[in-house]
2 protein chains.
Amino acid sequence: MTQKQRRKPGETRDKLMRAALDLVGKGRHFASLGIREVTRQAGVVPTSFYRHFRNMDDLGLQLVDELGLVLRRMMRETRANASQAEKLMSESVATFVSHVQANRSFFLFMAQGMAGESRAVQDAIRSEMRFFSSELANDLRRLRLVDHLNDSDLNMVCDLVVRAVAFSLPDLLWVSPDDGYQTDLIREQTTRYLQLIFVGAANWKSQ
Amino acid sequence: MTQKQRRKPGETRDKLMRAALDLVGKGRHFASLGIREVTRQAGVVPTSFYRHFRNMDDLGLQLVDELGLVLRRMMRETRANASQAEKLMSESVATFVSHVQANRSFFLFMAQGMAGESRAVQDAIRSEMRFFSSELANDLRRLRLVDHLNDSDLNMVCDLVVRAVAFSLPDLLWVSPDDGYQTDLIREQTTRYLQLIFVGAANWKSQ
DNA sequence: TCCAGGTGTGTACAAGTGTTCACTGATGTG
DNA sequence: CACATCAGTGAACACTTGTACACACCTGGA
């Protein structure tokens with residue numbers, strides 16, 4: 001009787017994805033979420049779920065797509081700040097950290113999905129990371145910072161960089177969101193990792 | 001009527017932990033396992049579960065303890081093979097990879113637990129990794145390979161090494177267990193990561 | 001205008017869930 | 001030997017779960 005019914009197309013769909021994300025943000029693991037639980041959190045009747053998703057895995061996949069958008073936006077912003085090579089690393093890390101803070105649930109979901117039970121979600125996340133790595137390689141080539149490295153070695157360096165940053169994710173998500181002190185420590189430490197890697201890259205002899 | 005009842009103390013307890021691990025090995029996520037499901041897999045009546053664990057989180061914690069044993073054994077074996085500094089890295093990585101292959105479900109569980117929903121499990125795994133890192137620092141000091149680094153920088157290097165290896169876990173678990181080719185690639189790539197890091201460490205200027 | 005299709009709702013049901021209870025038998029200690 | 005304790009069992013409970021069905025409404029194109 002008091003139903004409004006489709007004010008905006010995809011409104012309930014968004015509510016459901018947001019609800020799942022909120023539950024993840026509250027500490028639940030995505031793999032343990034149920035349809036009823038998500039619809040309850042979204043304030044929607046369970047049957048509505050099937051209008052938009054076939055099952056929870058499907059919802060997870062669509063979440064990864066949105067996650068992709070967040071990551072692209074982050075990458076673009078990182079590139080914009082990559083003016084001088086001097087503070088390039090520390091500012092890139094800072095951008096990453098602030099995006100994690102701003103989209104905590106999303107990155108929580110991503111960290112879970114890396115070892116999740118849906119192969120498709122794993123694939124999607126891995127390919128997202130590969131994309132990151134290859135774009136980073138392009139940028140470094142363009143900035144002529146790595147002329148002494150061949151392609152294979154450059155890719156290795158970039159892979160390691162992406163991994164080092166990605167592995168700070170559990171650290172970031174582990175500390176309280178508003179613990180600025182710990183967050184600073186992680187930011188600083190991750191930056192040092194990158195510096196170490198680049199010292200290695202600078203002294204690396206290809207072939 | 002056909003019950004045997006306590007042949008060995010802790011027999012059912014082991015069966016339950018093994019059952020949970022088997023389900024994880026079969027692709028399920030630990031967070032999505034239920035008590036009935038685990039007891040069914042173990043061939044035990046649901047009530048028996050409560051004789052040994054308070055809930056699934058409790059079982060998870062006890063699994064982490066066993067995981068600790070596996071990791072310690074691995075570390076000991078790695079140390080034993082650390083004779084000549086030449087092949088130190090490639091052989092350490094090889095030891096790691098072979099242990100992952102031999103205890104796939106355990107490491108699957110570990111990878112899941114890092115971003116799992118039980119804070120206690122996360123803590124346990126993180127402290128396990130810290131322990132690894134500090135032991136590695138000790139070894140490097142003893143071998144006098146890093147005399148030019150101060151303690152803080154040495155710890156950073158060791159942290160990064162452990163992270164680089166740990167981050168190859170998703171890769172290893174992602175490929176089919178008997179895909180020797182892919183496995184070799186991962187082993188090789190991880191070794192190169194470590195070499196890069198050590199080139200960085202060798203040229204790192206403390207202070 | 002009408003009507004097809006997308007979206008939201010309420011009801012229903014079978015199957016599965018966590019947990020409690022009272023029981024039974026084996027085991028080690030006094 | 002007797003007996004308290006431990007570790008196993010089956011039946012039962014109240015509840016949740018995924019999914020199906022029939023219906024109601026709104027909206028856009030013919």
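Residue numbers start from 1 in every chain, and the chains themselves are labelled A, B, ... in the order their sequence lines are given, proteins ahead of strands.
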To the nearest Å, give me how far apart CG (B/Asp58) and P (C/dT19) are. 12 Å
Per atom distances to the B/Ile35 side chain, the nearest of D/dA7, C/dT19, C/dT7 is C/dT19
Send over the distance from A/His52 NE2 to C/dG6 P, rounded to a whole Å. 12 Å
Assuming nearest nucleotide by heavy-atom distance, tell me which of A/Gly43 and B/Glu37 is located more 5' along DNA chain C. A/Gly43
Closer than 4.0 angstrom, basic N to acidic O: yes or no for B/Glu128 and B/Arg72? yes
Expected output: side-chain A/Asn55 to main-chain A/Asp58 donor-acceptor under 3.5 Å: yes
Would a distance-only check, ignoring hydrogens and angles, find a side-chain to backbone donor-acceptor pair under 3.5 Å from A/Asp179 to A/Gln182? yes
Interatomic distance, B/Asp57 CG vs C/dG18 C1' [rounded to whole Å]: 14 Å
At 4.0 Å (heavy atoms only), tell me whether A/Arg13 reaches a base, stays on the sugar-phosphate, or touches nothing. nothing
Suppose we call a contact any N or O donor and acceptor under 3.5 Å apart; does that hold for the side chain of A/Arg51 and the base of C/dG6? no
Measure from CE on A/Met56 to P on D/dG18 and round the result to the nearest Å. 8 Å
Looking at five pairs on each end of the helix from C/dT1-D/dA30 to C/dG30-D/dC1, what is the angle between the two axes, given to 10 degrees? 10°
Side chains of A/Asp57 and A/Ser118: is there a donor and an acceptor less than 3.5 Å apart? no
Side chain of B/Ser48, heavy atoms from C-beta onward: which of C/dT9, C/dG18, D/dT9 has the nearest atom to it? D/dT9
